[in-house]
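Per chain, numbering begins at 1; letters A, B, ... match sequence-line order.
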Protein chains: 2
Amino acid sequence: MKIEGGATQNALLGLLTMKPMSGYDIKALIPQSIGNFWSESYGQIYPSLKRLAETGLVEKKTQRQKGKPDRHVYSLTEDGRARLRDWLKLPVVAEVPRHELLLKLFFGAHVSLGVSREHVTAFMEEHEKALKVYAAIAKRLRKEDAGDPQLPFWLMTLSFGRHRSAALVKWSRETLKALDELEKNAKRR
Amino acid sequence: MKIEGGATQNALLGLLTMKPMSGYDIKALIPQSIGNFWSESYGQIYPSLKRLAETGLVEKKTQRQKGKPDRHVYSLTEDGRARLRDWLKLPVVAEVPRHELLLKLFFGAHVSLGVSREHVTAFMEEHEKALKVYAAIAKRLRKEDAGDPQLPFWLMTLSFGRHRSAALVKWSRETLKALDELEKNAKRR
DNA sequence: GGGTGCATGTAATGGGTTACATGATTCT
DNA sequence: AGAATCATGTAACCCATTACATGCACCC
């Protein structure tokens, strides 16, 4: 059995397990849920929901509203739930690496050391901020969603972020030190 | 000043600082250089080289060969070098996160624990293997390229990989333990 | 009067992979 | 005999972002 539609459609199915939602709702929910490791734009969400409805994986209901445009609320069907489960079981497809910071650092010898230092510093600050965000989310989740059977999985993804960001902050510090050493050596002659 | 062409063209310019190369050469060199954090396909490389030549950032020379097709060897021009430096100075553009493993783990409650365990295990093994590869490359680099002014930068990118992979292996182990705990708790009732 | 939020959607554009097409040589 | 290596390139396709288009209501 082949599963077309790729990860985007399945991400939407996953989010719709939480509650029936419109495309607008979904977009708004992402930063509070899978936002740390996944993103979707309206340009993907609306057409994808349409396709999911056409293939019977979600059901569409229109709610009329006064003043505001109609809301198109989508809810998961049994077929949709089954499709999601099938997709979850498939092995994770390896992602092609593309890390612009490392590319620039790799060629860092062609510009001044200050350039690399700035890139690394910005990167470090990003991850320091991320660490704070993760801590805040974990705290909130443990309070608000205590007992939810999904909570352990959510905490695992948060833990991933913490491990990674902590390691990358450490790397950043070491790298900044190494850049300073290079500078000293360059001046010494 | 705007720089079009994006990261791909600049990655090619960067690689061409090492030596003049054909598209084929470049593709072959990637796994031994920037392969851990960057990838390019022929479908990108050949058209990009063409465009770089049209805009005067690289120079094309054709070497005829017997039996084999002509080699089109590209070398960096002064303009190309300047362009690369300009690009290196630009802030790193933040990449949109897309991490399929975490997406699947986030929705892990919808399938059996074994599914998540398998995904995490595969991920862990990937990074354990990566750690060995990084160590081997670092050793080789320190021997073969001792004294090269670019060496420190190359080691920094390798160090990045080591820090990250080590952290992710640690996370994997903890997560597998957490999954085991969940299993025990589920059985206890 | 103007920004922000609600709410939908499409079109243009960019960026990328994969498959296809070609063809001689060399290794197994 | 058949696979792998050398070597180039294009076309079809997929996926995704951004900008555009619409329009009311509410708040300052």
K27(B) NZ - dC6(D) P separation (whole Å) | 14 Å
Which comes earlier along DNA chain D counting from the 5' end, the contact point of V96(B) or that of K60(B), where each point is its nearest nucleotide?
-> K60(B)
Expressed in angstrom and rounded to an integer, what is the separation of R51(B) atom CZ from dG9(D) atom P?
-> 16 Å
Look at the side-chain heavy atoms of Ile, Leu, Val, Met, Phe, Trp and Tyr, link any pair under 4.5 Å apart, and say whether V73(B) and I26(B) land in one connected group.
-> no
Can you tell me if H72(A) and T62(A) form a side-chain donor-acceptor pair at under 3.5 Å?
-> yes
Residues R117(A), E183(A): salt bridge by 4.0 Å N-O rule = yes
May I ask you to evaluate whether K50(B) reaches the phosphate of dT10(D), defined as a side-chain N or O under 4.0 Å from OP1 or OP2?
-> yes
Can you tell me the distance, in whole Å, between the CD atom of Q63(B) and the C1' atom of dC6(D)?
-> 13 Å
Electrostatic pair K50(A)-E54(A), nearest N-O below 4.0 angstrom = no
Taking only Lys NZ, Arg NE, NH1 and NH2, and the carboxylate oxygens of Asp or Glu, determine whether D145(A) and R140(A) approach each other closer than 4.0 Å.
-> no
How would you list, by chain and number, every residue that makes a side chain to side chain donor-acceptor pair (under 3.5 Å) with H163(B), sequence neighbours excluded?
-> E174(A), S159(B)
To the nearest angstrom, how far is R64(B) atom CZ from dA24(C) atom C1'?
-> 17 Å
Would you mind building the protein contact string for nucleotides 3-8 of chain C? One character per nucleotide, 5' to 3', B for base within reach (heavy atoms under 4.0 Å), S for sugar-phosphate only, - for untouched.
-> ---BBB
Expressed in angstrom and rounded to an integer, what is the separation of I26(B) atom CD1 from dC6(D) atom P?
-> 15 Å
Provide, to the nearest angstrom, the distance between the CG atom belonging to L49(B) and the P atom belonging to dT8(D).
-> 9 Å
Members besides Y46(B) in its Ile/Leu/Val/Met/Phe/Trp/Tyr cluster (side-chain heavy atoms under 4.5 Å) = Y24(B), Y42(B)
Please check the phosphate of dT17(D) (OP1 and OP2 only) for any side-chain N or O of S39(A) closer than 4.0 Å.
-> yes
Can you tell me the distance, in whole Å, between the CD atom of Q9(A) and the P atom of dC14(D)?
-> 12 Å
Quick one: Q44(A) CD to dT10(C) P, roughly how many Å, whole number?
-> 13 Å
